[in-house]
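Just so it is clear, the structure is predicted and the values come from calculations on it, not from any experiment.
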Amino acid sequence: GTIGLAEFVNQQRGADNAFIVMGSVMVGGILTNKAPVTLDQVTPLARLTIENNAVAVPNDSPFKSVKDFTNALKKNPGGVSVGGGSAGGVDHITLALIAQAAGVPAGKLNYVPYQGGGEMIAAVAGGKLAAAISGVSEFRQYVDAGRLRILATTGEKRERGLDAPTLKESGVDVVIGNWRGVVGPPGMSATGRKKLLAMLDRMHGSKTWQETLQKQGWDDAYLPGEKFAQFLKQENRRVAGVLKNVGLVK
């Protein structure tokens, strides 16, 4: 992602007809890789969607609730192996926030990063991991098949069609999701930016987009223009703080 961002910024500078799709994982990726090209150099256009995470465990796990999970973290944080996506990504940050809310030092966590969801799910379903964190959609079919259980999801509200509480319901004051949006290159003209924002507004209001959100299991998180620019600044500060606590950023 950070390599693609650098190419985009360098090759599309000043273009009015280009944008790149990005998301929360890029914020952490830039910080952990000390990337020379950052989101300060792009033109924020809009946040589009968010997918909430879930904490999943093997079906026969001794963890029956979030409280069981956090109690185990308090007792021996290094003894609870938790899988997820790349180090510093939204899955890792989710675990760090859960630990912080439970009073567990984030730097002592045993987080196991995976390149792909299939390998991670095989590991947690097979009992090689105590738990795993990923997007809700990643786990659904395995929950339906009786191979995994969801302890909690990370959104403000419960997920449709999933019998699992939120972290907040479970006494852990954490709300986080994997958001995605679009940014334009540096040096866009005011006219070009206005045209793209108008296009995104039309798309967001269309029936086709609403049907797509439903089909893909995405939540609407539309935040256009300056609101998205302000959100990116806040998100960068929040993620940097978490990554410092887990020792990935100094």
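Side chain of Asn33 to main chain of Ala35: no donor-acceptor pair is present (N/O by atom type, distance under 3.5 Å, no hydrogens or angles).
Contacts classified as ring-ring contact (aromatic ring centres under 6.0 Å, His included) and involving residues 101-130 (residues at least two apart or in different chains) are given here: His92-Tyr111. Screening residues 118-140 for ring-ring contact (aromatic ring centres under 6.0 Å, His included), with sequence neighbours left out, gives no hits.
A cation-pi arrangement is found for Arg47 relative to Phe231, the charged atom lying closer than 6.0 Å to the ring centre and inside a 45° cone about the ring normal.
Between Ser137 and Glu51, the side chains place a donor N or O and an acceptor N or O closer than 3.5 Å (distance only, hydrogens not considered). Between the side chains of Asn178 and Asn53, no donor-acceptor pair of N or O atoms lies under 3.5 Å.
The aromatic rings of Phe69 and Phe63 stand perpendicular to each other, their planes meeting at an angle above 60°, with 30° marking the opposite boundary.
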Worksheet item: Taking it one step at a time, do Asn52 and Asp219 satisfy side-chain contact (heavy atoms from CB on, under 4.5 Å)?
Response: CA-CA 8 Å; Asn52 294 317; Asp219 286 337; 3.4 Å; yes
Worksheet item: Can you list the steps and then say if Leu148 with Val124 is a side-chain contact (heavy atoms from CB on, under 4.5 Å)?
Response: CA-CA 8 Å; Leu148 295 175; Val124 68; 3.7 Å; yes
Worksheet entry | Intermediate values then yes/no, salt bridge (Lys or Arg N to Asp or Glu O under 4.0 Å), Glu226 and Arg193 | CA-CA 11 Å; Glu226 286 306 312; Arg193 180 172 177 267; 3.3 Å; yes
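In terms of heavy atoms, Asp16 sits closest to Ser189 at OD2-OG, 2.6 Å.
Both Val172 and Ile176 are assigned to one and the same hydrophobic cluster, defined by single-linkage of ILVMFWY side chains at heavy-atom distances under 4.5 Å. A continuous path of ILVMFWY side-chain contacts below 4.5 Å connects Ile93 to Trp179, so both sit in one hydrophobic cluster. Connection of Met203 to Met199 is established within a shared hydrophobic cluster, with ILVMFWY side chains joined at heavy-atom distances below 4.5 Å, either directly or through further cluster members.
Considering Thr153, Val174, Leu97 as possible partners of Leu167, the one that fulfils the side-chain contact (heavy atoms from CB on, under 4.5 Å) test is Val174.
Contact annotation: the side chain of Glu156 approaches that of Lys168 to within less than 4.5 Å [non-hydrogen atoms, C-beta and beyond]. Here the side chains of Val183 and Phe19 are not in contact, with every heavy-atom distance at 4.5 Å or above.
Between Leu48 atom CG and Leu213 atom CG the span is 9.0 Å, to the nearest 0.5 Å.
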